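Structure first, commentary second.
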Amino acid sequence: MKIYMNGKLTDKQDAKISVFDHGFLYGDGAFEGIRSYHGLVFKLEEHINRLLETAHTLMIDVPLSKKELIQAVISTLKANQLRDAYIRIVVTRGEGDLGLDPRKCEGKANIVIITDKIVLYPQELYKRGMEIITVPTVRNLPEALNPMLKSLNYLNNILAKIEANNSGFNEAIMLDAQGYVAECTGDNIFISKNNVLSTPAQARLRGITRDAVLELAHRHAIETKECLITRHEVYVADECFLTGTAAEIIPVVKVDGRLIGNGHPGRLTLKLMKMFHEVTKRDGVRF
Ligand code: PXG
């Protein structure tokens with residue numbers, strides 16, 4: 001396996017980062033998870049844009065342009081001869097000293113690209129639907145560490161994931177500080193009620209799969225809303241599903257012990273899953 005490290009394709013065993021790297025010491029960096037399907041990288045430009053936006057707010061100077069980042073992803077995929085892959089880009093502030101001060105890392109950002117396979121949830125859950133719960137850990141406050149940033153600091157999500165796992169679940173709903181539904185630990189959430197598709201407007205990552213689903217819905221004249229969503233609205237929804245690059249679209253059939261709709265993946269969910277798979281076969285950056 002070849003790993004892209006700051007412009008070079010390196011063997012996996014030689015792909016090493018300093019213990020003084022601020023990504024390692026402080027979670028000081030940004031990342032993206034991207035997928036390729038049959039030799040097409042899905043929404044590559046959107047992922048690169050989000051990575052650069054996170055880096056911009058974190059004031060990390062990424063030494064590559066958008067075009068160069070796209071090229072780096074493609075050359076890593078080619079080197080590993082992968083057609084269907086999960087791609088991880090990691091940008092850290094780089095090597096500093098043991099102090100927090102980001103000025104010590106100036107001009108030393110590390111860029112790593114890993115391409116591999118990923119299986120997030122068991123395949124049967126895509127047919128049967130998944131059961132999730134709400135966990136006590138609240139999603140980060142946008143005023144503190146904005147969930148719009150895809151930073152290397154994922155402890156908020158990991159703490160929530162631990163709570164889900166401790167109760168025997170794969171994924172969990174995180175609420176915002178006001179108690180509204182924000183998103184899941186690594187996925188966005190949608191509900192459908194009377195043929196209207198809704199997804200939280202606040203305290204969540206602006207997922208690229210989420211945007212792709214909203215785009216598909218618009219194209220097929222399905223009404224959508226980005227709004228505040230309560231747990232009650234989730235419980236009484238006709239359908240519920242999660243979206244994410246790794247998860248794709250996965251139906252949810254039970255939340256906090258409440259059956260959603262008839263307890264089976266809904267008609268609209270199945271339709272969107274089908275349309276999504278068709279789009280991933282057609283759209284993307286070819287390599
Ligand atoms: N919300 C959060 C908090 C995420 O981390 C999504 C939504 C979905 O966004 P995209 O752009 O992928 O549609 C994510 C991304 C994992 C894992 O192992 C999940 C993500 C990232 C890295 C690892 O579950 N999800």
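This structure is a prediction, so every number in the text was calculated from the model and none was measured. First listed ligand is number 1; within each ligand, the first listed atom is number 1.
The number of heavy-atom neighbours closer than 6.0 Å to NE2 of His218, taken from other residues, nucleotides and ligands shown, is above 12. The neighbour count for Arg88 CZ, taken as heavy atoms of other residues, nucleotides or ligands under 6.0 Å away, is above 12.
Taking the centre of each ring, Tyr126 and Phe241 stay at or above the 6.0 Å mark.
Two residues are said to be in side-chain contact when any heavy atoms from C-beta on lie closer than 4.5 Å; Arg204 and Met148 meet this criterion.
Interatomic distance, Thr230 OG1 to Ile191 CD1, rounded to the nearest 0.5 Å: 7.5 Å.
Protein residues with any heavy atom under 4.0 Å from ligand 1: Phe31, Arg50, Tyr86, Arg88, Leu120, Arg139, Lys150, Tyr154, Asn157, Glu183, Thr185, Gly186, Asp187, Asn188, Leu205, Gly207, Ile208, Thr209, Thr243, Gly244, Thr245.
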Exercise. For Ile89 and Val73, what are the C-alpha separation, side-chain angles and deciding distance, and is it a side-chain contact (heavy atoms from CB on, under 4.5 Å)?
Worked result: CA-CA 8 Å; Ile89 311 183; Val73 168; 3.7 Å; yes
